[in-house]
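I have placed the structure first, in the form of structure tokens, so that the comments after it can refer back to it.
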Amino acid sequence: MSRWIISMEYYKSIKPWMETYYNFQEPMIFSNLLDNLQAYYEKKKMPDSDLSMRDQATKEPNAEPELLFEDADYRVDENTSFIDRYTAGLKAVMNAYYISENLSIDLGKLSADKIKGMYKKRLTKVTRNDVYVLKSLIFMAGMLHKYDVTKGWYEINYTERLEGADNFSNKIKPDLLELYKLFMQDNKLKNYGIAITYMGKDIKLHNDNNWFLNLLFPFLDEHLDISGLAHVKSELQKIKNAPKRVGRPPRQVIYNWILLGTYHLLQHSSVSKRATKNNDGKYGFLLEFLTYLNLASNKTTDILKQNIKDLKEDGFHFNPIKKPISFHYAENFLNWHKSTTP
């Protein structure tokens, strides 16, 4: 896993570029900011001799005036209402923004130096815009990685827990309940037995249902926590009536989003507009960049050109965060703060 550190000053300078070309939204980095706030509090409790490299993410606690909000402003418990948890999260983010000097962006297996190399080798000259363009490219590579590992742009632990629960509730649990219902309801399953041929002799087992059920029912009881057929039918009805969760956008949508945004962003760069003998230019960079992000395998520059033309004609637009952000982006921090604060 590699991390890329960008100063808040530079982040603020490239933010308008990312908003314009990638529809970047600041909630996408809320959890990064809250990591800084957690490091700030941890550093505050440590003796100077124990301060670690995490210092680079935040300003010195004792060198700054008081935070915008007190600790008590984002204390929550099991009785805290949804709106109060949401407000507490926002206050924590505002404090995090206030104390952050840098942002630490997780690139996963990607490398900022690799992206710099593929960009710089195609430059015809170097301008101030190239600095902004290059930093925007690396930043958005980090945002793509974050999207992949968090099922969105929120905390990894929360979304893994949420996604796991959804997978069981929406995909596995209904099948298990139906299976339980099948075996329990009226007990009228027809048994054809199991026939085995061994050393030229046919052996038929007539009690295979019992073998299967003796293994199945303890598993169902453990994982479903049910108390009979009526309970099974009630659970199935709840699942049937539950609102369906909106799925993640197809990978093609993510490809379109990064392709079109990067294409327009490169209009401000000094990357060669046309391919030459020694420089495959803008489309060569697009192909290498998207392939490196694992978005454009088995594609060519001609395919990219046609895709861009089609997307422009269709007026393609992708909104990374479609719904108003919930308090869950701050769940990890709020729980951590609760566990470490008397």
Which pairs of donor and acceptor atoms, one on a side chain in residues 258-266, lie under 3.5 Å apart (sequence neighbours left out)?
| residue | atom | partner | partner atom | Å |
| --- | --- | --- | --- | --- |
| Thr262 | OG1 | Tyr22 | OH | 2.6 |
| Thr262 | OG1 | Ile258 | O | 2.6 |
| Tyr263 | OH | Lys312 | NZ | 3.4 |

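Classification of the Phe289-Phe285 ring pair by plane angle, with boundaries at 30° and 60°, yields parallel. The aromatic rings of Tyr21 and Trp17 are tilted relative to each other, their planes meeting at an angle between 30° and 60°.
Going from atom OG1 of Thr301 over to atom CG of Leu287 covers 6.5 Å, rounded to the nearest 0.5 Å. Atom NE2 of His317 sits about 11.5 Å away from atom CH2 of Trp257, to the nearest 0.5 Å.
Counting heavy-atom neighbours within 6.0 Å of Asn294 CG, excluding the residue itself, gives a total of 12 or less. The local environment of NZ in Lys15 is crowded, with over 12 non-hydrogen atoms from other residues, nucleotides or ligands closer than 6.0 Å.
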Might you work through the side-chain hydrogen bond (donor to acceptor under 3.5 Å, both in side chains) test for Glu26 and Tyr11, ending with a clear yes or no? CA-CA 11 Å; Glu26 201 148 69; Tyr11 161 70; 2.5 Å; yes

What verdict does the side chain to side chain contact (heavy atoms under 4.5 Å, CB included) test give for Leu293 and His145, after you've listed the backbone C-alpha separation in whole Å, the side-chain angles of each residue and the deciding distance to 0.1 Å? CA-CA 9 Å; Leu293 299 181; His145 171 70; over 6 Å; no

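Both Leu68 and Phe333 belong to a common hydrophobic cluster when Ile, Leu, Val, Met, Phe, Trp and Tyr are linked at side-chain heavy-atom distances under 4.5 angstrom.
Contact annotation: the side chain of Leu37 approaches that of Tyr74 to within less than 4.5 Å [non-hydrogen atoms, C-beta and beyond].
Ionic pairing of Asp84 and Lys91 is not present here: no N-O contact between side-chain nitrogen and carboxylate oxygen is shorter than 4.0 angstrom.
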